[in-house]
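We number each residue from 1, following the sequence as shown.
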Amino acid sequence: MEFATSTPVGVATPLPIGIRMLAPQYYAPELAAQSVTAQAYASLPGEMRELLWYLDVEHLSVEEVVTYSGLPPEAVRMASSVARARFRKAWASMQTKNPRVPPACAEFTRDAILFERHELPQAVRDSIDDHLVRCIRCAILAEEVHHLEEHLDAALLPLVVGPPIPDAH
């Protein structure tokens with residue numbers, strides 16, 4: 001899959017409303033590159049990364065991606081579904097490999113994506129719900145899973161374009 005650049009070089013693309021960026025003095029590219037989200041994205045094949053970039057970072061429509069890729073709309077939709085599933089799987093896999101996950105949190109960490117997508121038996125969901133009430137770490141992780149794909153732009157843009165330039169006013 002070959003894509004053309006959607007925005008000419010040197011032309012700024014505004015960030016979506018609600019995206020907050022760190023002040024430049026707090027930006028640490030080496031830490032951003034080590035984020036689980038960035039690592040999961042980097043683990044995907046190039047075509048999947050490109051597709052997710054255009055759809056979830058640049059927020060292009062399927063029709064716009066069709067123009068760049070030459071693929072039919074249904075092929076773009078199917079490929080994006082597969083790419084998002086692979087991204088979620090890579091993200092969850094990297095979360096479970098974190099040696100700092102307490103044993104009491106291991107079950108939720110392993111099942112976070114399935115929990116969010118309501119793909120677990122009710123008894124397991126009830127057990128996880130009880131855990132989330134008591135564990136701030138897993139409650140935060142649950143919120144991150146809920147917005148995982150929505151915030152690819154916030155996780156990946158700083159790696160590519162660097163920190164925002166402070167407003168001169």
State the [atom1]-[atom2] distance between [X] and [Y], to the nearest 0.5 angstrom.
{"X": "Arg117", "Y": "Asp111", "atom1": "CZ", "atom2": "CG", "result": "14.0 Å"}
{"X": "Ile136", "Y": "Leu132", "atom1": "CD1", "atom2": "CG", "result": "10.0 Å"}
{"X": "Arg86", "Y": "Tyr41", "atom1": "CZ", "atom2": "OH", "result": "13.5 Å"}
{"X": "Leu51", "Y": "Ser81", "atom1": "CG", "atom2": "OG", "result": "10.5 Å"}
{"X": "Glu50", "Y": "Leu44", "atom1": "CD", "atom2": "CG", "result": "12.0 Å"}

So, for [X] and [Y], which heavy atoms are closest and what is the spacing to 0.1 Å?
{"X": "Ser43", "Y": "Ala90", "value": "OG-CB, 3.5 Å"}
{"X": "Val66", "Y": "Pro72", "value": "CG2-C, 4.0 Å"}
{"X": "Ala92", "Y": "Ile113", "value": "CB-CG1, 3.8 Å"}
{"X": "Thr109", "Y": "Arg137", "value": "OG1-NH1, 3.4 Å"}
{"X": "Trp91", "Y": "Glu144", "value": "CZ2-OE2, 3.5 Å"}

Polar side-chain atom of [X] near backbone of [Y] as donor-acceptor pair, under 3.5 Å:
{"X": "Arg125", "Y": "Leu120", "result": "no"}
{"X": "Glu143", "Y": "Ile140", "result": "no"}
{"X": "Ser127", "Y": "Ala123", "result": "no"}
{"X": "Ser80", "Y": "Val76", "result": "yes"}

| task | Using the rule that two of Ile, Leu, Val, Met, Phe, Trp, Tyr join whenever any of their side-chain heavy atoms come within less than 4.5 Å, decide whether Met94 and Val101 are in one cluster. | result |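 Unlinked, Met94 and Val101 end up in two clusters.
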| query | Does any non-hydrogen side-chain atom of Cys105 lie less than 4.5 Å from one of His131? | reply |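 Yes, close enough: below the 4.5 Å cut-off.
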| query | Going through the distances and angles, do Met48 and Val82 end up as a side chain to side chain contact (heavy atoms under 4.5 Å, CB included)? | reply | CA-CA 8 Å; Met48 288 183 178; Val82 170; 3.7 Å; yes
| field | Verdict with reasoning, Glu116 to Arg88, per side chain to side chain contact (heavy atoms under 4.5 Å, CB included) | value | CA-CA 11 Å; Glu116 169 60 27; Arg88 285 190 300 269; over 6 Å; no
| query | Looking at Asp129, Val145, Leu141, Val124, which one forms a side-chain contact (heavy atoms from CB on, under 4.5 Å) with Phe115? | reply |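 When side-chain contact (heavy atoms from CB on, under 4.5 Å) is applied between Phe115 and each of Asp129, Val145, Leu141, Val124, only Asp129 qualifies.
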| Does the side chain to side chain contact (heavy atoms under 4.5 Å, CB included) test come out yes or no for Asp56 and Phe87, once each step is laid out? | CA-CA 12 Å; Asp56 298 334; Phe87 171 72; over 6 Å; no
